[in-house]
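Worksheet for the structure shown next.
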Amino acid sequence: MKEAGPIGIFDSGYGGLTVFREIAKVLPQYDYLYLGDNARVPYGTRSFETVYRYTWECVQHLFSMGCRLVILACNTASAKALRSIQQNDLTQLPDLRRVLGVIRPTAELVGEYSKTRRVGILGTQGTVASQSYIIEIEKFFPDIKVEQEACPMWVPLVENNEFDSPGADYFIRKNLDSLLQKSPDIDTLVLACTHYPLLINKIRQFVSADITLISQGELVAESLYDYLQRHPEIEILCSKNGDAEFYTTESTDGFNQKAKVFLGQEVFSKHLAI
Ligand code: DGL
């Protein structure tokens, strides 16, 4: 008898909570285990090798805590580690486990939003350098031209609770202006980092009302719903008591305080030593 376990949700920090929130709305019946690698955030400025090593280490922890399905709710990890994990690591495991990312579900749907066929990607340096969005969007919508902008200050602003401060305005404007200058016809902006939904009100202030802003949480939740319908062999391995547990590699007090901002509810996290 194969044992079912919670669905693992992984991020380098708090950003994945924006994805967890939407997934839990659409699929409340499942159990979830969230892991934030807050001790080593940000991942966005780190090399491929390091992001892969950190991500795989965290995924293995989630597996050892009973998860059979893990969502990398982090674009940087999805861009830099997912392929190696799927193609090399998972194939060596004795039992059935799956790891999914957030880039493909976003790329699959982005074409439904853009009329001008010009899409802007806002992401970490790592996500932008990987060109993952350009490659994935091209597969589904070859007529779309993608422009990208790396926003290295945005994750630290969110992680340090400065996302709503006047100081944040400078960096947000700077990156938005730079992206929109690359193509003034952009009508769709993808918040291609799971931390960025916390900046959405600020971003909205600085771009024209005609531009659609895409947060990934809902798209990823919709895609996970479909995935579980199409893969009953995985669905049966996901336990269903409607529980959620939270782990952080950093201090639990800090995590609980910030997670409350992301989720709008009290969180009692546990520490995971790595
Ligand atoms: N939430 C991660 C992402 O979606 C943040 C990356 C970081 O740690 O820099 O890319």
Side-chain angles (χ1 to χ4, degrees), residues 8-23 34-59 70-83 85 99-107 110 120-134 136 148-163 168 171-172 175 189-200 203 213-221 223-224 246-250 254-255 258-259 261-263 274:
I9 312 263
F10 168 71
D11 183 44
S12 57
Y14 303 108
L17 292 170
T18 63
V19 175
F20 163 70
R21 194 178 57 200
E22 300 306 322
I23 289 179
Y34 184 91
L35 173 58
D37 191 7
N38 300 82
R40 301 188 291 198
V41 73
Y43 280 17
T45 44
R46 297 187 194 275
S47 66
F48 266 83
E49 174 47 39
T50 305
V51 172
Y52 162 68
R53 191 158 46 82
Y54 287 179
T55 305
W56 179 228
E57 205 179 323
C58 289
V59 168
V70 172
I71 312 298
L72 301 184
C74 173
N75 288 267
T76 311
S78 301
K80 292 184 158 190
L82 182 62
R83 182 189 283 260
I85 291 174
V99 179
L100 305 174
V102 289
I103 296 180
R104 200 183 170 98
T106 311
V110 84
I121 302 295
L122 296 156
T124 64
Q125 283 163 315
T127 299
V128 166
S130 75
Q131 309 246 11
S132 300
Y133 274 95
I134 297 181
E136 290 297 324
Q148 308 192 92
E149 178 75 12
C151 313
M153 289 302 292
W154 291 17
V155 168
L157 285 171
V158 172
E159 289 278 323
N160 292 293
N161 246 343
E162 292 288 335
F163 57 90
F171 294 105
I172 294 173
N175 291 126
L189 287 178
V190 180
L191 309 189
C193 169
T194 54
H195 282 68
Y196 296 175
L198 267 87
L199 299 168
I200 201 160
I203 298 170
L213 301 180
I214 300 184
S215 283
Q216 295 174 296
E218 285 168 33
L219 305 188
V220 173
S223 160
L224 179 59
F246 299 86
Y247 284 82
T248 174
T249 57
E250 245 302 331
F255 187 92
K258 297 221 180 90
V261 177
F262 277 78
L263 292 179
I274 44 166

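We're numbering straight along the sequence, starting at 1. Whatever order the structure lists ligands and atoms in, that order sets their numbers, starting from 1.
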Report task. Kindly determine whether Arg21 and Glu218 satisfy salt bridge (Lys or Arg N to Asp or Glu O under 4.0 Å), including the steps that lead there. Result -> CA-CA 9 Å; Arg21 194 178 57 200; Glu218 285 168 33; over 6 Å; no
Report summary line: Heavy atoms of Pro42 and Thr45 approach each other most closely as CG-OG1, 4.0 Å
For residues 10-17, which side-chain donor-acceptor pairs fall under 3.5 Å, sequence neighbours excluded?
residue	atom	partner	partner atom	Å
Asp11	OD2	Gly13	N	3.1
Asp11	OD2	Gly15	N	2.8
Asp11	OD2	Gly16	N	3.0

**Report entry** Donor on one side chain, acceptor on other, Thr50 and Ser47, under 3.5 Å
**Finding:** yes
Query - Closest non-hydrogen atom pair between Val128 and Gln148, with its separation - result: O-NE2, 3.2 Å
**Report entry** Minimal non-hydrogen separation, Val41 against Arg46, with atom names
**Finding:** O-NH2, 4.4 Å
Close N/O pairs between ligand 1 and protein, under 3.5 Å:
residue	atom	partner	partner atom	Å
ligand 1	1 (N)	Asp11	OD1	3.0
ligand 1	1 (N)	Thr194	OG1	2.7
ligand 1	1 (N)	His195	ND1	2.8
ligand 1	4 (O)	Asn75	N	2.8
ligand 1	4 (O)	Asn75	ND2	3.2
ligand 1	4 (O)	Thr194	N	2.9
ligand 1	4 (O)	Thr194	OG1	3.3
ligand 1	8 (O)	Ser12	OG	2.6
ligand 1	8 (O)	Tyr43	N	2.7
ligand 1	9 (O)	Tyr43	N	3.3
ligand 1	9 (O)	Gly44	N	2.8
ligand 1	10 (O)	Asn75	N	3.4
ligand 1	10 (O)	Thr76	N	3.1
ligand 1	10 (O)	Thr76	OG1	2.7

